Amino acid sequence: MKIATFNINGIKARHVALCEWLDEAQPDVALLQEIKSVDEGFPREMFEDRGYNVETHGQKGFNGVAILSKLPLEDVTRGLPGDDSDEQARWIEATVMGEHTSVRLCGLYLPNGNPVPGPKYDYKLAWMERLKSRAKALMSREEPALMAGDYNIIPLDEDAARPEVWQEDALARPESRRAYREIVNLGFTEAFRARVRGGGHYSFWDYQAGAWDRNDGIRIDHFLLTPQAADLLRDCAIDKDIRNRPKPSDHVPVWIELAA
DNA sequence: ATGCCGATTAACAATCGA
């Protein structure tokens, strides 16, 4: 089962490019972030025509997450538990029924958090505390499950081309990294680092200042796997080449292959 | 990097993202 995560930076601007990539990469599941669309505005037909089931959790203008799946989805839930007053659409869950086993999928768009300090950073850390609670609950089920998406976290300096630039940024602040580590340390396997060592691997390049041309990127899109999902991990890679195409997202897809 | 670009909404500038 091939599962991808992709921050598409607007479905209206990216639906054609997204379909081209889906046709080539042929993921069974795509977890999407920043659809920047309400549910009614999501162009579900073009994905359904390709055999995908479509589940969205949209919001007007900003944020928004979705799951595309060629395999059946069950028990879909929307919104990260822990704060009923949170209006931002950043979390969606579903169970995908594989050939051999089912996998609980969590698609997430973690808050950016800048500027630091400030209310947006407070919201990021509070959101990560809720994420940790959900992660604990997932872990206690002792079943294949994963949390994947745009974490807006640069885990280590090796995950940035110019780490010094990000030192005071919400994506790399010690408090951010610690909160991320506390979640990983519950027992999750970070799929890319289970497969690839060392620096120079990025999933985001700013549109500005020729960041892509200079490979001035950061790795902020991650897969965290429960032990039962990690047992099934066969591969993980970043599809960076599509950043060369016209009108790309500022993120590129990251995908895993599971023996599920 | 103090948003230099890009998407979105709502107007034809402001807001947000990382």
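No experiment lies behind these values; they were computed from the predicted model shown.
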With sequence neighbours excluded, what pairs up with [X] under the side-chain contact (heavy atoms from CB on, under 4.5 Å) test?
X: A:Gln228; result: A:Glu142, A:Pro144, A:Thr226
X: A:Phe204; result: A:Asp206, A:Ile218, A:Ile220, A:Asp250, A:His251
X: A:Ser133; result: none

Would you please test A:Met147 and A:Leu131 for side-chain contact (heavy atoms from CB on, under 4.5 Å) and show each step? CA-CA 10 Å; A:Met147 308 188 297; A:Leu131 174 59; 3.8 Å; yes

Could you tell me whether [X] contacts a base, only the sugar-phosphate backbone, or nothing, with contacts defined as non-hydrogen atoms closer than 4.0 Å?
X: A:Asp221; value: nothing
X: A:Asn9; value: sugar-phosphate
X: A:Asn7; value: sugar-phosphate
X: A:Lys124; value: nothing
X: A:Tyr109; value: sugar-phosphate
X: A:Ala209; value: base

Going by an N to O cut-off under 4.0 Å, is there a salt bridge joining A:Asp157 and A:Arg177? yes

With sequence neighbours left out, the residues meeting ring pair (Phe, Tyr, Trp, His ring centres under 6.0 Å) with A:Trp255 are none

Assess the pair A:His222 and A:Tyr180: is the distance between their ring centroids shorter than 6.0 Å? yes

For the pair made of [atom1] in [X] and [atom2] in [N], what is the distance, rounded to whole Å?
X: A:Arg14; N: B:dA7; atom1: CZ; atom2: C1'; value: 8 Å
X: A:Ile11; N: B:dA7; atom1: CD1; atom2: P; value: 13 Å
X: A:Arg214; N: B:dC5; atom1: CZ; atom2: C1'; value: 14 Å
X: A:Asp213; N: B:dC5; atom1: CG; atom2: C1'; value: 13 Å
X: A:Asp206; N: B:dC16; atom1: CG; atom2: C1'; value: 13 Å
X: A:Ile35; N: B:dG6; atom1: CD1; atom2: P; value: 22 Å
X: A:Glu164; N: B:dA1; atom1: CD; atom2: C1'; value: 12 Å
X: A:Asp250; N: B:dG3; atom1: CG; atom2: C1'; value: 12 Å

Between A:Gln208 and A:Asn152, whichever has its closest DNA chain B nucleotide further toward 5' is A:Gln208

Residue mapping more 5' on DNA chain B - nearest nucleotide basis, A:Val165 or A:Asp169: A:Val165

As a test of reading the structure: which of B:dC16, B:dG3, B:dA7 is closest to the side chain of A:Phe62, going by heavy atoms? B:dC16

Nearest to side-chain heavy atoms of A:Arg90, which nucleotide of B:dC16, B:dG17, B:dA1: B:dG17

When you compare [N] with [M], how far apart are their [atom1] atoms, in angstrom units rounded to a whole number?
N: B:dA14; M: B:dG3; atom1: P; value: 15 Å
N: B:dC4; M: B:dG17; atom1: P; value: 16 Å
N: B:dA10; M: B:dC16; atom1: P; value: 13 Å

Can you list, pair by pair, the side-chain donor-acceptor contacts under 3.5 Å of residues 229-236 of chain A, counting residues two or more places apart and other chains?
unit_1	atom_1	unit_2	atom_2	d
A:Arg234	NH1	A:Asp231	O	3.4
A:Asp235	OD1	A:Arg195	NE	3.4
A:Asp235	OD1	A:Arg195	NH2	3.2

Just the atom pairs and distances: protein N or O near nucleotides 9-12 of chain B's N or O, under 3.5 Å.
none

